[in-house]
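Below is one structure, written out as structure tokens, with a few remarks after it.
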Amino acid sequence: QSLRFGFNEDVDVLDPTLSRGFTTRMIFSALCDKLIDISPDLKFTPQLATSWSWSDDNLSLTLKLRPNVVFHDGEPFNAEAVKYSIERHQSMTGSQRKAELGPLKSVEAVDSLTVKLNLSAPFVPLVGYLSDRAGMMVSPKAARELGDKFTTAPVCAGPFKFKERVAQDRIVVDKFDKYWNKDNIHLDQIVFRTLPDPTVRLANLRSGQLDLIERIAPIDVAGVKSEGRFAVEENTELGWNGLLYNVGAGEKAKGPMGSDPRIREAFELSIDRDGLVQAMSKGQYTPGNQWVSPSNAYYDKQLPIQKRDIAKAKALLAAAGKPNPVVTLVTPTQTETVQFAQIIQAMTRDAGFDVKIQATEFATALDITQKGDFEMFTYFWSGRTDPDGNIYNFTACNAPLNIGKYCNPDVDASLQAARRTADPEARRKAWAQAAALILKDRPMLFAFHRKYFWGRKKEMKNFVAYPDGLVRFTNLKLN
Amino acid sequence: MSVALSIRQARPSTALRSPLGLAISSLSRQPVAMLAMAVVLVVVVLAVGAELIAPFDPASADWSALREAPSRAHLLGTDDLGRDILSRMIYGARASLLASVISVSIAFAIGVPVGLCAGYLGGIVDGVITRFTDAMLAIPALIFAVSLAAFLGPSLINAVIAIGVAAIPVFIRLSRAQAMGVKFEEYVEAAYVVGNPRWRIVLKHIFPNIVPALIVQATLTMAFAVIAEASLSFLGVGQQPPGASWGNMLTTAKNYLEEAPWMAIWPGAAIFLTALSFNLLGDTLQDVLDPRSRPRVAG
Amino acid sequence: MTRFLLQRIGLMIPTIFFVSVIVFSLQQLLPGDPALTMAGDEASPALIAEIRAKYHLDDPLLVRYGKWVAGIAQGDLGISLRTQQTVVQLLTQKIPVTLELATLAMIIALTFGISMGILAAISRGGPMDYVARCIALFGISMPAFWLGILFILLFAVKWRILPASGYVPLTENPLENLRSMIMPATVLGLAVSGVIMRHTRSAMLQVLSNDYVRTARAKGLSETTVIFVHALRNAALPVITLGALEFGQLLSGTVLTETVFSMPGFGKLVVDAVFNRDYAVVQGAVLCTAVVFLLLNLFADLAYAAVNPRLRGR
Amino acid sequence: MLEGATMTGPVLRAVDLAKHYPVGSRWFGRSQTLLRAVDGVSFEVAKGETLSLVGESGCGKSTTGRMLVQLIDPSSGHVEFEGRQYGAGSRRKALRISRRIQFVFQDPYASLNPRMTAGEAIGEPLSLHNMVPRRQRWTRVAELLEMVGLPRSFAARYPHELSGGQRQRVGIARALALEPSFIVCDEAVSALDVSVQAQVLNLLKTLKMRLGLSLLFIAHDLAVVKHISDRIAVMYLGRLVEVAEASEPFANPRHPYTRALLGAIPQPVFGRVRAATVGGDVPSPIDPPSGCRFHTRCPMKTDICARIDPAMETIAPGHVVGCHRWRDVEPMPEAGRAADDVHSARIQRLLGFFQDKAGSAAGQQELRS
Amino acid sequence: MLDVRDLRVTSSGGYPLVDGVSFTLNRGETLGIVGESGCGKSLTSLALMGLLPPGMSVSGQVEFEGADLLKLAPATVRDLRGDRLAMIFQDPMTSLNPTLTVGYQIAEGLIRHRGCDRREARDRSIELLRKVKLPAAERRFDEYPHQLSGGMRQRVMIAMALICQPALLIADEPTTALDVTVQAQILDLLAELKDDLGSAMIFISHDLGVVAENVDRVAVLYAGRLVEEGPTRSLFEQPQHPYTIGLMGSIPRIDTTSEWLPAIAGTLPLASDPPPGCRFEPRCPFAGDKCREESPDLAEVSAGHRAACWKAPL
Ligand SMILES: Nc1ncnc2c1ncn2[C@@H]1O[C@H](COP(=O)(O)OP(=O)(O)OP(=O)(O)O)[C@@H](O)[C@H]1O
Ligand SMILES: Nc1ncnc2c1ncn2[C@@H]1O[C@H](COP(=O)(O)OP(=O)(O)OP(=O)(O)O)[C@@H](O)[C@H]1O
Ligand SMILES: [Mg+2]
Ligand SMILES: [Mg+2]
């Protein structure tokens, strides 16, 4: 049984340490098991670690490892391997994981199946990161031998092992017959195909070239469903979509948007989120005003979405002495961000805003954000399992994604508090505090949360839609 | 038109009063070419008078009318943001026309003088220019244009500049070849003998005589530019939102092919018709302007 | 002959030099920073600096150019910053696909373009002339991505007679390979066939007006013999050269066709590399296409010489 | 009418002119093969004199003519004209040295810029050299047009609106605009139909006399040449083989090639028996024959001809020949009739009518067809 | 053998280019057609061959060996062409196909009309090439036209026309493009071959001199009309039409000395706008009122000598 899976964009580096792209995780889902996994309803579940626990001071995390697990090259999976993998994440040149591991101080192999992660400061979101690429384990032997070339033949402990990669076209993985959970693996092979154009991707599903595709355009969902041959699975994403204001980075922060929260409030008030969601997705997406979606446990219901209020927006603008602010919105040239920018532009015009859209391709956009050369920037964030990953890096002073250079010590304090405790209630409280401040200061605008849509052949069994947008191949059957 | 041929080898009269005049007069005898000309004229009118003709603001979105099929209110329907497609098509004509006119002007303005110099001066100048042109031609034009557009930043004007620059080598090549052909014509030598300085020979004697071939190339390049603008839009470096161009309309529309086919039909048809018209015009012009393909007088 | 060949190859060297300079400088012009692009938006300045150092992105321009050229001499085109694969490896994966696509497209373009060109030329001014021309111009008057999507919707989704995508290597299954190639090659070929048609038509018209065609007719030869034996040979001469030039256009076209048909080819590789600031890939790929293009032109010249007795035996 | 025709010292001297074209590829170094288009040609032209240059196609006539007006830079040798000297390398150094030497081209269709009216073509040299004040320019153009027998109104015509003969007249007017003392006519009438050719020949002759011009008249047709020239130079394969007073070679050719040329000319006389023709084709100037260049085709060749290149010998005043056996060349056979007996008296009489009509006003009113 | 009556060729624009030409030709006879450029010489011969450019229409009668060529089916005319009827064209430089060997081009006629196999065709062609005095015929057979000089090419053209031993040979200015010395060689050769084969020949030239030496009878064309026709001697000694006389005077002579050439003033009238009366009237020094109004018909002036002039005999 070979599954042909069409996905959205090309994979970057096939190395959990170096990889950055979202889609690459799709491959890792087949190649590399993580220490921890999540459930569809966002609970942490065992994978390579069977259990884990925080020390009382939240300064160390002890993980019990699954026994009798081997890597694709036959190397045993044990505490040493975990230590190696995590240290590799921390120290390798160009590692993208370093920041995710936060204040991780050392990795201790307590015994062959027990690892202790020691932190210099409490960092509860670590568990969330271990359920992502930071928790992916690589074979120490292969990693040592291949060095930089690990990406050309990644060796992990997942259900499938790497077979071949044709850049920008396909990656083929074969069933790994020594996989610890192989009884629940029913596929012999997966062919991942890159098909960036949603229309083409869907066409390939419909013409029978693919069995499964991800990210069907919302507009096509109804059509696919009605056709009867395919089932559409969906789940709301973890992330948020909206825009970042430049409130403190250089000259551009001194414009109307960056300097006056009232103008930002007026801007937000002039947006009709329901209309926005309708236009973008025929109403399938969820309007939102926080960094987690309203259905998330950590969503602060005290701060509901404000209705569109043009009169109030105008009043605010008048009060700020800028009835017709002219502002530029930088947006990467992706279809959805551009569409979003256009809708925003059209909506805010009613309140008197004159939004100029400056579309730039991605590489240039990065440059622009780094230099703070923007007033507003559309930002679609794919999300992290731990809400911390959705907000900390965007708002904490000098955090890497805080390109608008927002800095509020009170916000920092609340966010830090949420990082230090593992208690859900305490975290909720800390984040509520942060939300109240952030939604008042408005360094960013949260607009909506997308949905992932998968299209699969009807015969396919046991497909589960996860909010992280990744496919779990365990249990999946073609028919 | 023809005068009694009192010369031993009867020759076709390649001479024309004004290249454009002849072009138009000979085109007027070709029904298909006239049709093509009409299409181009319509595009020009739409582009120039967009503000007057368009019934709606091409950028104003209407949330209550998303992706509406053609109706009395919106003759060609509305798009994914509820904007009037007819109005966008009219403004899009401007983008396409801009794409063709400006890019051809750039290619012409740079390519022709360089090509003329290479062709007329010859020698080492020609050698270097020819190698350089070959190199430009060896780099796929679209890749070149994409890089250049990315460098300049995505916008219609920059895409158009990139298309223009990518088309330069064609004009260099053509004008060089033409200049070399004309250079040894006796009237050019005659111009030298009566004491014309070089620049004047190139300007007054060579250039006007290679104009017909250049006009043909210009029309063909215009067709290329219309398509190239659409392609660059498809790759995300063309006209940027909310500005309308047929290319980006089509690119957006491809996501709504089944849901709202009219979003794709109109810009698709417009690009096709315009490019086809330019191609046909060029093709026919070549036919009437190029003496080589004219039937020779039996001798 | 060898002399001619040597001379042509000699002429390629400065051209390739210019290609490398153009590509290299174009890269330098691009805004954005490869290290930044590689590090991503979450990156810390330290990480960026690390990457810069690792890939020698801070070296002066000339040093980098020199290193690159030195690398080429050893068959090393660098590695892709984005996927960490070597450029040579990437290219070897992709060249066969694009070459096959381009070759098939060229075959389609030539067959279609030449036959339409002949048809138009012999029925010059008549309705058949216009029909043939319009048909042939159809391809260049349609954006390739658009025609491609229409093809997919018609042939793959609606009628289900051809696969919408899915390149199958020729060595694996020639029939499937052909099936997967038909649509992209046709879309690509159609775009070029118009130009070929135009050249064929005007070359044919010119040739048909030549005295030797009349001579052939005066011998009582049938019209078919006149056209295919006497005229076509001569009309082929300009078409050969222009056909090779059009190949450059064709390689451009692969960018879009490959994107739409999800072909694991060259064009898409380069465009993505441009967007990702994956310089080594852009440079390597463009250099490679340029060499292919120049070689093709060389072959065209050889073919020209083979068909044109004036140049034979030089 | 004959005032300009007095002959004084030479106006123009060509000294050992040669032009060698490199042929074949030139990318790697210099090519060794040279095409010797013109290979050491010297002659003089006196004021008011017409020297004709005749020879078969490719023998280097045009190349010689073009070197005189600096259209081509000689490989060696030089030209002296009105006290100035130019030669190898001078074209690259300076632009045209003299406006006083002008050129009339062979092809009346190719030698006029199709995008310029006759008036513009004639007016251009006037303005380039400030020959006349701007205001009088058009008057001068009209004068020139009338001088070559065209009505003023033709100034507004484009070349394609003119017949071949009319175009050639415009070409001549353009050359005359700069008031030259010397004109090179490169096959100026060869492309024209006989009837028009006769008109243009008559015109050239008139102008030459009226303006005291010197002419280098290049042609391949000896009969045409005879009609217009004072002296004739016969060229073969890049070399001069015989130079003589115009009447001389026709009666008394001293070079076998001249004789062969003469014999080959068909004449519109019934029953004339043509002299035996020479066989073979003109050899390639890339690899000219050794010794006397004509020896491969010469009916009188001896051993010496293949070995030794004959020097130009003055055999009579104004008669120079380059042949080892010039003494043995037989005179042309008598045509059998006296000169004016060629046409019957009836034809002579009838032709008189044509002469009147053509000669009267250099054929003006009929040009308005 | 050949009887042309009232041959008219009308241009695509509807005006006559050849206007009522009639003549007859007997076996073994040579007819010269003279006239200035554009007077319709080539069109007349092309009309006989059935090779008029597209768009031109032809009327009248061309009886050749008992059949009216103008009424035969195109396929039948094709069978005759190159076989019974052959033509030599003016410019040997452009009338040979540059991409085919001269041998092939000669043998083609034999293969087409005689069904010879290649060997035989080759042998016979080489034999004929020897006959036209082409040096090293064997070797030349496999050469391409550009390797031959003008004179050699014209010999090849002649061989090509004679390969099937035609009953009628049309030579359209066969020597105009050649140098005088070569021209003389070709003229001699033609005369010799014609006598050998006993074919009839139409010899077209703009040069009265060439015609004087080579033909039995002469026809003078002016602006599409036959103005005078008669035995060579009679025509040259007693020309009757003013045009013929003018033409004779216009030719510079080597055996006379006259200051002025008695040139015919003016130029050929436009075919689209011919004068109402006699076509030569605007240039004729003898023209009277009648000439302006009415076009004269050919009338016999002496035995077998006809002229179309109101004033004849002058
Ligand atoms: N630019 C050139 N390069 C190489 N060879 C040339 C060039 N121009 C002329 N020739 C050669 O020089 C020789 C003399 O040429 P030229 O034009 O002077 O001859 P010509 O006597 O005027 O002949 P024609 O009667 O045909 O005009 C010819 O063999 C010709 O092929
Ligand atoms: N293909 C054609 N289309 C239109 N007019 C033509 C064509 N061929 C010839 N003519 C016209 O027909 C007339 C006679 O042409 P033809 O070729 O018979 O002249 P000719 O006597 O052979 O002249 P030449 O001496 O130049 O060969 C000319 O006026 C010419 O312009
Ligand atoms: Mg003719
Ligand atoms: Mg010449």
Side-chain angles (χ1 to χ4, degrees), chain D residues 56-57 163-166 193-199 201-202 205 220-227 247 250 260-272 274 277-282 297 335 337 339-340 342-344 346-347 350-359 363 366-367 369, chain E residues 36-38 133 135 149-152 178-185 187-188 206-214 232-239 242-243 245-270 282-286 314:
Chain D
E56 283 176 289
S57 179
S163 72
Q166 292 163 346
D193 259 323
V194 271
S195 66
V196 183
Q197 170 179 318
Q199 295 167 9
L201 278 176
N202 287 342
K205 217 163 171 174
H220 59 258
D221 187 341
L222 269 170
V224 169
V225 158
K226 163 139 198 261
H227 191 75
S247 54
F250 296 93
L261 271 185
L262 278 170
I265 299 171
Q267 288 286 293
V269 183
F270 181 74
R272 192 181 83 114
R274 230 187 307 116
T277 56
V278 288
D281 292 314
V282 186
R297 300 172 74 195
R337 299 150 213 246
D340 31 20
V342 172
H343 291 307
S344 68
R346 171 176 163 271
I347 301 181
L350 292 175
L351 281 173
F353 290 92
F354 283 95
Q355 201 152 342
D356 288 349
K357 191 167 180 181
E366 76 280 358
L367 284 162
S369 62
Chain E
E36 283 177 279
S37 186
K133 305 203 177 99
S149 72
M152 288 158 141
L178 304 174
D179 274 320
V180 266
T181 56
V182 183
Q183 172 176 345
Q185 297 165 15
L187 287 175
D188 291 348
H206 65 270
D207 189 338
L208 272 177
V210 171
V211 165
E213 294 168 9
N214 294 287
T232 312
R233 161 166 233 131
S234 162
L235 192 112
F236 276 90
E237 284 171 3
Q238 289 292 317
Y243 176 65
I245 295 165
L247 212 52
M248 286 181 168
S250 298
I251 300 174
R253 311 280 303 256
I254 48 173
D255 44 9
T256 59
T257 38
S258 68
E259 274 301 325
W260 295 101
L261 286 173
I264 311 173
T267 51
L268 213 63
L270 287 176
R283 303 173 77 186
C284 183
F286 310 104
L314 279 164

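Letters go in sequence order (proteins before strands), and every chain restarts at 1. Note that this is a predicted model, so its numbers are computed, not measured.
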Residue pair [X] / [Y]: nearest heavy atoms and the distance that separates them:
X: E:Met248; Y: D:Ile347; result: SD-CD1, 4.5 Å
X: D:His227; Y: E:Pro252; result: CB-CB, 4.4 Å
X: D:Arg346; Y: E:Ile245; result: NH2-CD1, 4.5 Å

Worksheet item: Which region of D:Leu350, side chain (C-beta onward) or backbone (N, CA, C, O), has a non-hydrogen atom less than 4.5 Å from a non-hydrogen atom of chain E, or is it both or neither?
Response: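 Both parts, heavy atoms under 4.5 Å.
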Item to complete: Determine the option with the most heavy-atom pairs under 4.5 angstrom with chain E, choosing from D:Ser57, D:Ala223, D:Ser195, D:Ala198.
Response: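 Counting heavy-atom pairs under 4.5 Å, the top option is D:Ser195.
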Discussion item. Restricting to side chain to side chain contact (heavy atoms under 4.5 Å, CB included), what partner residues turn up for D:Glu56, sequence neighbours left out?
Written reply: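 D:Glu56: side chain to side chain contact (heavy atoms under 4.5 Å, CB included) contacts with D:Tyr236, D:Tyr257, D:Leu261, D:Val282, D:Arg297, E:Asp179, E:Thr181, E:Val182.
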Worksheet item: So which part of E:Pro242 gets closer than 4.5 Å to some heavy atom of chain D, the side chain, the backbone, both or neither?
Response: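 Both parts, backbone and side chain.
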Worksheet item: Highest number of heavy-atom pairs under 4.5 Å with chain D: which of E:Leu247, E:Val210, E:Leu235?
Response: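 Among the listed options, the one with the most contacts to chain D is E:Val210.
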Worksheet item: Distance from D:Ile265 atom CD1 to E:Ile251 atom CD1, nearest 0.5 Å?
Response: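 That separation rounds to 12.0 Å.
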